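Only one structure is covered here, and it is reproduced in the block below.
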Amino acid sequence: MCQLDLGISDRDGCTVMRLRGELDLASVDRFEQTAGTAEIVYGPRMIVDLTELSFIDSVGLGALARLHRRLTRTGGTFTVIVPPGKIDRIFHYSGLKGAMDIRTPPE
């Protein structure tokens, strides 16, 4: 069973994807399909908000890295909103924190 809820909205011409739950092997296909559709429909500017994400594994990190490469390679932008705590530490230890535009949520 997929434990991921996805919300998509448009903010000033930028797609905002809000993830809630777990981004892992069980849910990565759904995430990638939704992100691909959002890219086609709304364009290559994307913010992925992980504020309500409770778990991410290496498969989820890989999906975010592939999306980042694809968007930036075609002139788009990619930002990830990561709250302080365990998800932030996972990005730090994986090395992705230095490779992507990672921001903390506004207070």
Side-chain angles (χ1 to χ4, degrees):
M1 176 177 216
C2 183
Q3 298 291 329
L4 181 67
D5 292 321
L6 294 160
I8 298 178
S9 61
D10 179 69
R11 185 190 311 156
D12 300 323
C14 188
T15 304
V16 178
M17 288 185 64
R18 288 181 175 78
L19 281 62
R20 181 179 184 184
E22 302 175 358
L23 180 56
D24 57 12
L25 181 61
S27 61
V28 74
D29 288 341
R30 183 167 170 241
F31 167 76
E32 289 183 319
Q33 289 172 355
T34 303
T37 300
E39 181 184 356
I40 291 167
V41 172
Y42 299 111
R45 296 179 56 216
M46 191 173 296
I47 297 170
V48 177
D49 186 342
L50 304 181
T51 304
E52 296 185 55
L53 196 70
S54 60
F55 178 79
I56 188 167
D57 67 5
S58 60
V59 176
L61 289 172
L64 290 170
R66 285 188 299 278
L67 180 59
H68 169 260
R69 274 193 307 274
R70 188 171 70 241
L71 291 173
T72 57
R73 186 176 47 229
T74 60
T77 61
F78 183 76
T79 302
V80 183
I81 307 297
V82 179
K86 68 180 179 178
I87 303 294
D88 181 58
R89 287 190 300 276
I90 290 169
F91 273 86
H92 173 75
Y93 292 126
S94 71
L96 291 177
K97 195 163 186 179
M100 293 181 184
D101 181 13
I102 306 287
R103 300 185 187 183
T104 56
E107 306 252 344

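Computed from a predicted structure; not experimentally measured.
A side-chain donor-acceptor contact under 3.5 Å links S27 to the backbone of E22.
Partners of I8 according to the side chain to side chain contact (heavy atoms under 4.5 Å, CB included) rule, which considers only residues two or more places apart in sequence or in another chain, are T15, M17, T34, A38, Y42. Residues passing the side chain to side chain donor-acceptor pair (under 3.5 Å) test with Q33, sequence neighbours excluded: none. Remark: R66 pairs with E32 by the side chain to side chain donor-acceptor pair (under 3.5 Å) rule, at least two apart or across chains. Partners of E52 by side chain to side chain contact (heavy atoms under 4.5 Å, CB included), not counting sequence neighbours, listed by chain and number: R20. K97 meets the side chain to side chain donor-acceptor pair (under 3.5 Å) test with D88; sequence neighbours excluded. In this structure, the side chain to side chain contact (heavy atoms under 4.5 Å, CB included) partners of S94, at least two apart in sequence or on a different chain, are L61, L96. In this structure T37 satisfies the side chain to side chain contact (heavy atoms under 4.5 Å, CB included) test together with V41, sequence neighbours excluded. Evaluation of the side chain to side chain donor-acceptor pair (under 3.5 Å) rule for R103 yields D101 as partners, not counting sequence neighbours.
Taking the side chain as every heavy atom from C-beta outward, L64 and L50 approach each other to under 4.5 Å. No side-chain heavy atom of T51 sits under 4.5 Å from any side-chain heavy atom of V82. You'll find the side chain of D5 stays beyond 4.5 Å of the side chain of L19, heavy atoms only. At least one side-chain heavy atom of L53 sits less than 4.5 Å from a side-chain heavy atom of L4. Proximity of V59 to D24: side-chain heavy atoms (C-beta onward) are nowhere separated by under 4.5 Å.
Taking Ile, Leu, Val, Met, Phe, Trp and Tyr as hydrophobic and joining them when side-chain heavy atoms fall under 4.5 Å apart, one finds I81 in a cluster with V16, I47.
For the salt bridge (Lys or Arg N to Asp or Glu O under 4.0 Å) condition, the pairs that include at least one residue of residues 38-48, sequence neighbours left out, are E39-R70. For the ring-ring contact (aromatic ring centres under 6.0 Å, His included) condition, the pairs that include at least one residue of residues 76-107, sequence neighbours left out, are H68-F78.
Distance CZ/F55 to CD1/I90: 7.0 Å, rounded to 0.5 Å. Between L23 atom CG and I87 atom CD1 the span is 9.0 Å, to the nearest 0.5 Å.
Between M46 and C14, the shortest heavy-atom distance links the atoms N-SG, 3.8 Å. The nearest pair of heavy atoms linking P105 to P84 is CD-CD, 4.4 Å.
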